[in-house]
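The structure appears right after this line, and notes come after that.
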Amino acid sequence: MAAVKLVELAHARSGDKGDVVNIGVVAYEPEHYPLLAETLTAGRVQEHFGDMVKGKVVRYELPNLHALNFVLPRALGGGGTVSLMMDAQGKVFSTALLRMDVEVPDEIAGRVRGRGREPPYPCTDETSS
């Protein structure tokens with residue numbers, strides 16, 4: 001087994017409904033959905049965000065879309081209209097979640113490593129200027 005960043009297996013979007021953050025995580029490849037469903041639990045997401053989320057994280061499975069949806073209650077300091085948080089609409093929660101390390105079989109890690117990321121800077125490729 002090897003650790004990869006979640007961003008190498010999936011993409012995500014997030015937003016708010018009042019004081020609740022909603023994060024959708026969608027596998028890049030349908031065959032990776034079972035691995036995500038097994039490893040990306042509500043408890044693991046709760047642990048990843050720690051004290052930022054005051055309520056209990058709930059996970060919904062959408063296997064027909066190869067996706068998981070997470071609801072994070074009481075995560076925005078009261079919501080967009082009253083919160084003093086920098087991200088009062090919860091838009092960067094998906095980016096934060098995609099930085100989570102997940103354990104995958106070595107063969108999958110070898111295939112996905114580097115996916116979902118921009119090239120390192122400074123760029124040394126002669127074709128990009």
Side-chain angles (χ1 to χ4, degrees):
M1 296 292 277
V4 299
K5 296 292 183 192
L6 180 57
V7 71
E8 296 172 311
L9 295 170
H11 59 94
R13 296 223 0 143
S14 60
D16 71 304
K17 290 294 180 206
D19 195 18
V20 178
V21 172
N22 180 20
I23 306 173
V25 178
V26 183
Y28 289 131
E29 298 179 32
E31 59 268 21
H32 294 160
Y33 172 75
L35 181 63
L36 290 179
E38 180 182 329
T39 60
L40 200 56
T41 64
R44 184 95 193 278
V45 171
Q46 185 95 46
E47 182 181 310
H48 181 72
F49 286 108
D51 292 339
M52 289 179 62
V53 178
K54 308 293 187 226
K56 183 177 166 84
V57 173
V58 178
R59 180 181 91 165
Y60 297 93
E61 297 180 8
L62 301 112
N64 59 324
L65 299 175
H66 315 294
L68 300 169
N69 186 53
F70 295 91
V71 177
L72 291 65
R74 298 179 41 222
L76 295 173
T81 58
V82 297
S83 178
L84 298 176
M85 293 177 64
M86 292 294 290
D87 181 26
Q89 284 80 37
K91 299 298 184 187
V92 297
F93 274 73
S94 59
T95 302
L97 185 59
L98 289 174
R99 293 181 181 192
M100 176 191 288
D101 286 325
V102 293
E103 292 288 323
V104 300
D106 293 333
E107 182 265 324
I108 292 175
R111 285 195 342 238
V112 303
R113 216 174 285 283
R115 180 193 297 171
R117 298 198 174 172
E118 294 183 18
Y121 292 96
C123 187
T124 57
D125 182 8
E126 295 175 7
T127 60
S128 56
S129 28

Roughly how far, to the nearest 0.5 Å, is [atom2] of [Y] from [atom1] of [X]?
X: His66; Y: Glu29; atom1: NE2; atom2: CD; result: 11.0 Å
X: Thr95; Y: Leu6; atom1: OG1; atom2: CG; result: 11.0 Å
X: Leu72; Y: Asp16; atom1: CG; atom2: CG; result: 12.0 Å
X: Thr39; Y: Asp101; atom1: OG1; atom2: CG; result: 11.5 Å
X: Tyr33; Y: Asn64; atom1: OH; atom2: CG; result: 8.5 Å
X: Glu61; Y: Asn69; atom1: CD; atom2: CG; result: 11.5 Å

Sequence neighbours excluded, the answer for ring-ring contact (aromatic ring centres under 6.0 Å, His included) partners of Tyr60 is none
Closest heavy-atom pair and its distance - [X], [Y]:
X: Ala67; Y: Val26; value: CB-CG2, 3.9 Å
X: Asp19; Y: Leu76; value: OD1-N, 2.8 Å
X: His48; Y: Leu97; value: NE2-CA, 3.8 Å
X: Val57; Y: Ala42; value: O-CB, 3.6 Å
X: Ala10; Y: Leu98; value: O-CD2, 3.6 Å
X: Pro73; Y: Val53; value: O-CG1, 3.5 Å

Applying side chain to side chain contact (heavy atoms under 4.5 Å, CB included), run through His32 and Val104 and close with a yes or a no.
-> CA-CA 10 Å; His32 294 160; Val104 300; over 6 Å; no
For the residue pair Phe49 and Phe93, categorise the inter-ring angle as parallel (less than 30°), tilted (30 to 60°) or perpendicular (more than 60°).
-> tilted
Short side-chain to backbone donor-acceptor contact, [X] and [Y], under 3.5 Å:
X: Arg59; Y: Ala37; answer: yes
X: Ser14; Y: Ser94; answer: yes
X: Tyr28; Y: Val7; answer: yes
X: Gln46; Y: Gly55; answer: yes

Joint cluster assignment, Leu68 & Ile108, ILVMFWY side-chain distance < 4.5 Å = yes
Determine, using the 4.5 Å side-chain heavy-atom cutoff (strictly less than), whether Phe70 and Met52 are members of one ILVMFWY cluster.
-> yes
Output, in order, the C-alpha distance, side-chain angles, deciding distance and verdict of side chain to side chain contact (heavy atoms under 4.5 Å, CB included) for Leu40 and Met100.
-> CA-CA 10 Å; Leu40 200 56; Met100 176 191 288; 3.6 Å; yes
Flag the pair Arg115 / Val4 as yes when at least one side-chain heavy-atom distance between them is below 4.5 Å, and no otherwise.
-> no
